[in-house]
Amino acid sequence: MLIKEYRICMPLTTEEYRVGQLYTISKHSHQESEKGEGVEVVKNEPHEDPVHGPGQFTEKRVHLSSKLPSWARAVTPRIFYITEKAWNYYPYTITEYTCSFLPKFSIYIETKYEDNCGDSENIFHSDKILGDHEVSFLDIAFDEIPERYYRSLEDPRFFSSAKTGRGPLREGWRQHTKPIMCSYKLVSVKFEVWGLQTRVEQFVHKVIRDILLIGHRQAFAWVDEWCDMSLEEVRAFETQMQVATNQKLGSQHP
């Protein structure tokens, strides 16, 4: 198992990001979904936890056969999906990824959101951590993303919000920007197959790093679209996008 902690700062408050995250995930899933490829929502319902209290449970199927690298496509079925289960007790969330035909593969992500610049140490008191783990700070403005995902309108170095007045982000922005928050993500990747474990676990972490950067960049770049929304309004938008995305995928689920 390869465990890394990612810290991603945003020029937002955690309360703002609660809406922005839901909006961004819904819009991005819809954009990326084509017939037979993309994100299918299976469940989205309230969930009560004895420790964390009221929250939301979602189950999704991520169809991505054509998005795999060639070496991975060679050993996977032509059509397959990854199951995502998420428990959202904001500002704490848990997300699990599993694959039906690869029982030895899983991803487990714990996330905590705080109003600071990523300087909280030992934020995760997890029994799974048996020693030091790598901590990576991801900069939404200045860390590179794959060229195929680059959109100039979503570049925080150039984007300026008309409604909030935030941006563009300059070098060293995390030290002087207000408001500021941080997404702390403890990511455990497990692929217990001899001869492939290290390669696959490292590859998956590279993919996760890119996804985190792209998603947080979009959440900021789309801030003028969601900043006036209430939690109830963004939940309604989420439901609307789920129906449209499932129809786009040709899903049988409502």
Exercise. With sequence neighbours left out, write down each residue that passes salt bridge (Lys or Arg N to Asp or Glu O under 4.0 Å) with E238, or none if nothing qualifies.
Key: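 By the salt bridge (Lys or Arg N to Asp or Glu O under 4.0 Å) rule, E238 matches R235.
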Exercise. Measure centre to centre between the rings of Y113 and Y184, then say whether the value is under 6.0 Å.
Key: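 For Y113 and Y184, the ring centres are not under 6.0 Å apart.
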Quiz item: Between Y6 and H216, does the ring centre distance come in under 6.0 Å?
Solution: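 Here the rings of H216 and Y6 have centres that are no less than 6.0 Å from each other.
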Return yes when atom [atom1] of [X] has more than 12 non-hydrogen atoms of other residues, nucleotides or ligands closer than 6.0 Å, and no otherwise.
| X | atom1 | result |
| --- | --- | --- |
| K85 | NZ | no |
| K112 | NZ | yes |
| E144 | CD | no |
| K163 | NZ | yes |

Quiz item: Between E96 and I107, is any pair of side-chain heavy atoms under 4.5 Å apart?
Solution: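 Side-chain contact under 4.5 Å: no.
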Are [X] and [Y] close enough for a salt bridge, meaning some N to O gap below 4.0 Å?
| X | Y | value |
| --- | --- | --- |
| E121 | R7 | yes |
| R166 | E16 | yes |
| E84 | R61 | no |

Self-check item: Path from M181 to I109 over hydrophobic side-chain contacts below 4.5 Å
Solution: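 Looking at the clustering, I109 is in the same group as M181.
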Quiz item: Quick one: do F159 and F142 end up in the same hydrophobic cluster if we chain Ile, Leu, Val, Met, Phe, Trp and Tyr together by side-chain heavy atoms under 4.5 Å apart?
Solution: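 They do share one cluster, since a chain of ILVMFWY contacts under 4.5 Å joins F159 to F142.
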Looking only at the side chains, is there a donor atom on one of [X] and [Y] sitting less than 3.5 Å from an acceptor on the other?
| X | Y | result |
| --- | --- | --- |
| Y149 | D210 | no |
| D115 | T13 | no |
| H47 | Q56 | no |
| T58 | N44 | no |
| T24 | Q218 | no |

Exercise. On the 0 to 90° scale, with breaks at 30° and 60°, tag the Y23-W222 ring pair as parallel, tilted or perpendicular.
Key: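 It falls in the perpendicular class, over 60°.
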Can you name the closest pair of heavy atoms from [X] and [Y] and give their distance?
| X | Y | value |
| --- | --- | --- |
| T245 | V39 | CG2-O, 3.2 Å |
| W226 | A219 | NE1-O, 2.9 Å |
| Q197 | M1 | NE2-N, 3.2 Å |
| K27 | F237 | N-CE2, 4.3 Å |
| L169 | A141 | CB-CB, 4.0 Å |

Quiz item: Do E110 and Y92 pass the side-chain hydrogen bond (donor to acceptor under 3.5 Å, both in side chains) test, and can you show the C-alpha distance, the side-chain angles, and the key distance before you say yes or no?
Solution: CA-CA 8 Å; E110 286 184 78; Y92 173 70; 2.8 Å; yes
